[in-house]
Protein chains: 2
Amino acid sequence: MTVSDMAPKRGKPRKEMDSEEDGDEYRKKRDRNNMAVKRSRQKSKIKTAETMHRVNTLKSENTILQEKVKTLTKELGFLKELFLAHAGNSADKSKFEDVDLQQLLGEDTPSSDAMK
Amino acid sequence: MTVSDMAPKRGKPRKEMDSEEDGDEYRKKRDRNNMAVKRSRQKSKIKTAETMHRVNTLKSENTILQEKVKTLTKELGFLKELFLAHAGNSADKSKFEDVDLQQLLGEDTPSSDAMK
DNA sequence: TACCATTGCGCAATCC
DNA sequence: TGGATTGCGCAATGGT
């Protein structure tokens, strides 16, 4: 079985293609290409491994960040409840910007107990 | 150039290896293997593409989560400052659990303006 | 034109 | 027994 027996090729069954006279030149060329192929494949494997590692790293970071968001959200909810509870008898909170405060209290905070 | 010319082989230069008598059986086996190889490589390519996509998805999620953490941290810092400002003249905050509150106020909050 | 890198493909060994 | 993987070489092709 010869590799050259493969169908999808041009009319070049035997002998030199362009220059190479079947001998050492051809062999050298093949050897160099084989080395190049090895380098290329090695490189590709490393890249694949790095990608896999990247996925794992990102998954970990993601998990940590999600936990952090959950914790912060819970804390924020707690503090907001505290504020709302004081909303009635507060007359001195005017030291701070009321607008931003109100906006803050209305934001993304599902009354703390909504979290597990 | 014959594939069989490769050096790292056993002393089996020609003729049947085990059973195959060089003919149709061998050819059928080769063809089936070639198909299997194609399937395997196709599968591997798909897996690689999926992994790449996974990396991009995770990177996006990560960015969003980091922004969320930053926002929440900033808000928390703001509310905590508000609390601390009231710390002096507060006598009615006793409605809530003081311990947890104190703990909360001391946590992970770099006085809001520490953020860009 | 020469050269290295990539890639599709087949073979054979090996894994399962 | 047989498909799935994998290492390897060949040749075509892409990119300088």
Side-chain angles (χ1 to χ4, degrees), chain A residues 1-70, chain B residues 1-70:
Chain A
M1 247 333 143
T2 308
V3 170
S4 329
D5 289 341
M6 290 188 281
K9 286 295 148 54
R10 281 163 81 197
K12 295 177 179 178
R14 285 301 83 81
K15 287 307 170 187
E16 334 77 62
M17 299 264 272
D18 302 302
S19 48
E20 288 64 275
E21 53 288 343
D22 286 86
D24 51 318
E25 271 316 294
Y26 168 74
R27 197 57 250 160
K28 280 186 176 179
K29 196 168 185 174
R30 282 298 333 128
D31 290 341
R32 263 178 298 156
N33 176 245
N34 289 339
M35 297 294 271
V37 170
K38 280 183 185 174
R39 282 195 294 276
S40 184
R41 287 173 176 158
Q42 179 60 24
K43 187 177 173 184
S44 150
K45 276 184 185 175
I46 292 177
K47 213 163 50 183
T48 296
E50 289 176 336
T51 300
M52 296 305 235
H53 185 261
R54 185 126 175 66
V55 168
N56 291 326
T57 299
L58 286 172
K59 284 204 300 187
S60 297
E61 286 181 22
N62 234 304
T63 298
I64 292 177
L65 284 172
Q66 288 180 343
E67 290 171 354
K68 196 161 185 175
V69 166
K70 183 176 289 183
Chain B
M1 237 356 127
T2 307
V3 171
S4 330
D5 289 342
M6 289 188 280
K9 284 296 149 53
R10 282 160 81 196
K12 293 177 179 177
R14 286 298 86 81
K15 285 307 171 188
E16 334 75 61
M17 298 265 271
D18 301 303
S19 48
E20 290 63 278
E21 51 289 342
D22 285 85
D24 50 320
E25 271 316 295
Y26 167 75
R27 198 56 250 160
K28 280 187 178 179
K29 195 168 185 173
R30 284 295 337 123
D31 289 342
R32 263 180 290 135
N33 177 246
N34 288 340
M35 296 296 268
V37 169
K38 280 182 185 174
R39 282 195 294 276
S40 183
R41 288 172 176 160
Q42 178 59 25
K43 189 177 171 182
S44 140
K45 275 184 186 173
I46 292 178
K47 212 165 51 182
T48 296
E50 289 177 337
T51 300
M52 295 305 235
H53 185 262
R54 185 127 175 63
V55 167
N56 291 325
T57 299
L58 286 171
K59 283 204 301 185
S60 296
E61 286 181 22
N62 236 308
T63 298
I64 293 177
L65 284 171
Q66 288 180 342
E67 289 171 355
K68 198 163 185 176
V69 166
K70 182 176 290 184

Report task. Send over the distance from A:R41 CZ to C:dG8 P, rounded to a whole Å. Result -> 11 Å
Requested in this report: Classify the side chain of B:R32 and the base of C:dG10 as holding, or not holding, a donor-acceptor pair under 3.5 Å.
Outcome: no
Report summary line: Atom CD1 of A:I46 and atom P of C:dA5 are separated, to the nearest Å, by 14 Å
Report summary line: When rounded to whole Å, the CG to P distance for the pair B:N34 and D:dT5 reads 15 Å
**Report entry** B:S44 (side chain) donor-acceptor with B:S40 (main chain) under 3.5 angstrom
**Finding:** no
Query raised in the report: Taking atom P of C:dC11 as reference, at what distance in whole Å does atom CE of B:M35 sit?
Result: 13 Å
Requested in this report: Would you indicate, yes or no, if C:dA12 has its OP1 or OP2 atom less than 4.0 angstrom from a side-chain nitrogen or oxygen of B:K29?
Outcome: no
Report task. State whether the distance check finds a donor on one side and an acceptor on the other, under 3.5 Å, for side chain B:R39 versus base D:dA4. Result -> no
Requested in this report: Ignoring the backbone of A:V37, work out which of C:dC11, D:dC10, C:dC4 is nearest its side chain.
Outcome: D:dC10
Requested in this report: Side-chain contact test, heavy atoms from C-beta onward, threshold under 4.5 Å: evaluate it for A:V55 versus A:M52 and give yes or no.
Outcome: no
Query raised in the report: NZ of A:K45 versus C1' of D:dT6: gap in Å, rounded?
Result: 8 Å
Query raised in the report: Rounding to a whole Å, what distance do you find between A:Q42:CD and C:dA5:C1'?
Result: 15 Å
Query raised in the report: Nearest-Å distance, CG (A:N33) to P (D:dA11)?
Result: 9 Å
Requested in this report: Please state whether the phosphate of D:dG9, meaning OP1 or OP2, lies under 4.0 angstrom from any side-chain nitrogen or oxygen of A:Y26.
Outcome: no
Requested in this report: Carefully, step by step, assess A:D24 and A:K28 under the rule salt bridge (Lys or Arg N to Asp or Glu O under 4.0 Å).
Outcome: CA-CA 6 Å; A:D24 51 318; A:K28 280 186 176 179; 5.3 Å; no
Query raised in the report: Are any of the side-chain heavy atoms of B:K70 and B:E67 separated by less than 4.5 Å?
Result: no
Query raised in the report: Can you tell me how far C1' of D:dC8 sits from CZ of A:R30, to the nearest Å?
Result: 11 Å
